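These numbers come from a predicted model, not from an experiment.
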Amino acid sequence: MTEAKAFDRVADDYDRMRGGMERGRQAAAQLAGDLTPGPVLEVGVGTGVVAAGLAELGHEVYGVDMSLPMLTRAAERLPGRVTAGDARALPFADGTFDNLVFTHVLHLVGDMPRALREAARVLRPGGRLLAVHGDPEADPDELVAVLDRLAVLQPPRPDTPERLDAAARETGLERLRHEFAPDYERATTPRQLLESLERRLPPYLWNVDDETWARVVEPALAALRTLPDPDRPRLQQWRVHRSVYVRI
C-alpha cells in the first residue's frame with residue numbers, strides 16, 4: 001500500500017511529467033507485435049496510457065491498479081474496463097485473459113514471484129505474459145549524467161532478466177524471447193527534469209530522508225540548475241528489457 005499512496009500523491013502530475021499518451025503509444029507499439037489474439041490485462045495500469053495505446057491498435061484491454069487517483073484517469077481512457085486490485089491477488093478468475101502486460105511495474109509489486117504466480121493463474125494455457133522491466137538506459141548526455149549521480153539511491157532491482165526468468169519458471173511460464181531494445185523516445189528539458197526530481201516522482205526518491213536528500217539529491221539538482229538553455233529539449237532514446245513468456 002505504500003507504493004499506492006505514493007502514486008496517489010503524484011497522480012495529478014504523472015502524465016505531464018512522464019510523457020503522457022505520446023509515451024504510451026510508443027510503448028504500446030513496441031508491445032503489440034507479441035500479443036496473441038484475445039483480451040489483454042495490464043497490471044499496474046496507472047493512468048492507462050499504455051493500455052489506451054493498445055486499445056487504439058484494436059486490442060480489448062483491461063487494467064488493474066492499487067492507486068485510485070491513477071485509476072480515475074485510466075477510467076477516462078478505458079471506461080468500464082479498469083478495476084482496483086493488487087498484483088499479488090488479482091481480482092479475476094483463473095484463465096480469464098489471453099495476454100497480461102507488466103510495464104515498468106515488477107520492481108514495485110513487493111513480491112515479484114507472487115505477482116508472477118497470479119499472472120500465470122489468470123492467463124489461459126498458451127496465453128502470453130509481456131514484461132517491460134529492469135533498469136532503462138539512454139546514451140550519455142547532460143541529463144543522464146545527473147540521473148547517474150542519483151543511481152546510488154536506487155535499491156537492487158528484483159526484475160533483472162535473470163531473476164525474472166527464474167521466478168517465471170517456477171510458475172509455469174516459459175520464455176519465448178528477451179531483448180534489450182528501444183522503448184520510447186522523449187525530448188526532456190532540464191527544467192522538466194528538475195521539476196520531476198523536486199516533486200519526487202521517481203519511486204527511488206519517495207522515502208529519501210532529509211540528510212540523504214541534502215547530501216546526494218541537492219547537488220544533483222544544483223547541477224541541473226546550472227545547465228544552459230534550461231528550456232531547450234534534449235532528445236533521448238531510452239532502451240529497456242522486454243521479455244515474452246507463454247503460459248504452459
Note, [X] side chain near [Y] side chain (heavy atom, < 4.5 Å):
X	Y	value
P39	R81	no
L227	L143	yes
Q26	R186	no
R191	E195	no
L153	V217	yes
L205	W213	yes
P190	R234	yes
L54	E42	no

Between [X] and [Y], is there a shared hydrophobic cluster once you connect ILVMFWY residues whose side-chain heavy atoms come closer than 4.5 Å?
X	Y	value
L193	L150	yes
L235	L224	no
V40	M21	yes
L57	L130	no

Starting from the C-alpha separation in whole Å, work towards a yes-or-no answer on side-chain contact (heavy atoms from CB on, under 4.5 Å) for V208 and R200. CA-CA 9 Å; V208 173; R200 300 188 184 223; 4.0 Å; yes
Closest non-hydrogen atom pair, [X] against [Y]:
X	Y	value
D135	F180	O-CE1, 4.1 Å
P113	T171	O-CG2, 4.2 Å
A84	P91	O-CG, 3.9 Å
L147	Y204	CD2-OH, 4.0 Å
A138	R239	C-NH2, 3.9 Å
F92	T83	CZ-CG2, 3.6 Å

Heavy-atom count around [X] [atom1] within 6.0 Å, excluding the residue itself: above 12?
X	atom1	result
D210	CG	no
E170	CD	no
Q236	CD	yes

State whether the side chain of R77 and the backbone N or O of T47 hold a donor-acceptor pair below 3.5 Å, judged by distance alone.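 Yes.
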So how far is it from [X] [atom1] to [Y] [atom2], rounded to the nearest 0.5 Å?
X	Y	atom1	atom2	result
L41	D98	CG	CG	11.5 Å
T189	D229	OG1	CG	11.0 Å
L31	D183	CG	CG	7.5 Å
L176	D34	CG	CG	8.0 Å
W238	D139	CH2	CG	10.0 Å
D86	R114	CG	CZ	7.0 Å

The single option from V64, L71, V101 passing side chain to side chain contact (heavy atoms under 4.5 Å, CB included) against V45: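 Single pass found, and it is L71.
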For the pair L90 and L100, evaluate side-chain contact (heavy atoms from CB on, under 4.5 Å) and give the outcome as yes or no after the intermediate values. CA-CA 12 Å; L90 292 171; L100 188 143; 4.2 Å; yes
Under a 4.0 Å N-O cut-off, is there an ion pair linking R121 with E118?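 Judged by the 4.0 Å cut-off on N to carboxylate O distance, R121 and E118 do form a salt bridge.
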salt_bridge(E142, R232) N-O dist < 4.0 Å: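 Yes.
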Verify whether one side chain among N99 and H59 offers a donor that lies under 3.5 Å from an acceptor in the other.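 Note: N99 and H59 side chains miss the donor-acceptor criterion.
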Can you give me every donor-acceptor pair (side chain of residues 156-164, partner residue at least two apart or in another chain, under 3.5 Å) with its distance?
{"residue": "R157", "atom": "NE", "partner": "D159", "partner atom": "OD1", "Å": "2.8"}
{"residue": "R157", "atom": "NH2", "partner": "H107", "partner atom": "ND1", "Å": "3.4"}
{"residue": "R157", "atom": "NH2", "partner": "G134", "partner atom": "O", "Å": "3.0"}
{"residue": "R157", "atom": "NH2", "partner": "D159", "partner atom": "OD1", "Å": "3.4"}
{"residue": "R157", "atom": "NH2", "partner": "D159", "partner atom": "OD2", "Å": "2.9"}
{"residue": "D159", "atom": "OD2", "partner": "G134", "partner atom": "N", "Å": "2.8"}
{"residue": "T160", "atom": "OG1", "partner": "R163", "partner atom": "N", "Å": "3.2"}
{"residue": "R163", "atom": "NH1", "partner": "R157", "partner atom": "O", "Å": "3.4"}

Before you tell me yes or no, could you show the steps for L35 and R128 under side-chain contact (heavy atoms from CB on, under 4.5 Å), namely the whole-Å CA-CA distance, both residues' side-chain angles and the distance that decides it to 0.1 Å? CA-CA 7 Å; L35 296 174; R128 291 192 175 183; over 6 Å; no
So L116 and L129, side-chain contact (heavy atoms from CB on, under 4.5 Å) or not? Walk me through it. CA-CA 9 Å; L116 290 177; L129 184 149; 4.0 Å; yes
What side-chain donor-acceptor pairs closer than 3.5 Å can you find for residues 241-248, not counting sequence neighbours?
{"residue": "H241", "atom": "ND1", "partner": "H178", "partner atom": "NE2", "Å": "3.0"}
{"residue": "R242", "atom": "NE", "partner": "E179", "partner atom": "OE2", "Å": "3.1"}
{"residue": "R242", "atom": "NH1", "partner": "P182", "partner atom": "O", "Å": "3.0"}
{"residue": "R242", "atom": "NH2", "partner": "Q30", "partner atom": "OE1", "Å": "3.2"}
{"residue": "R242", "atom": "NH2", "partner": "E179", "partner atom": "OE2", "Å": "2.8"}
{"residue": "S243", "atom": "OG", "partner": "H133", "partner atom": "NE2", "Å": "2.8"}
{"residue": "Y245", "atom": "OH", "partner": "D165", "partner atom": "OD1", "Å": "2.6"}
{"residue": "R247", "atom": "NE", "partner": "A120", "partner atom": "O", "Å": "2.7"}

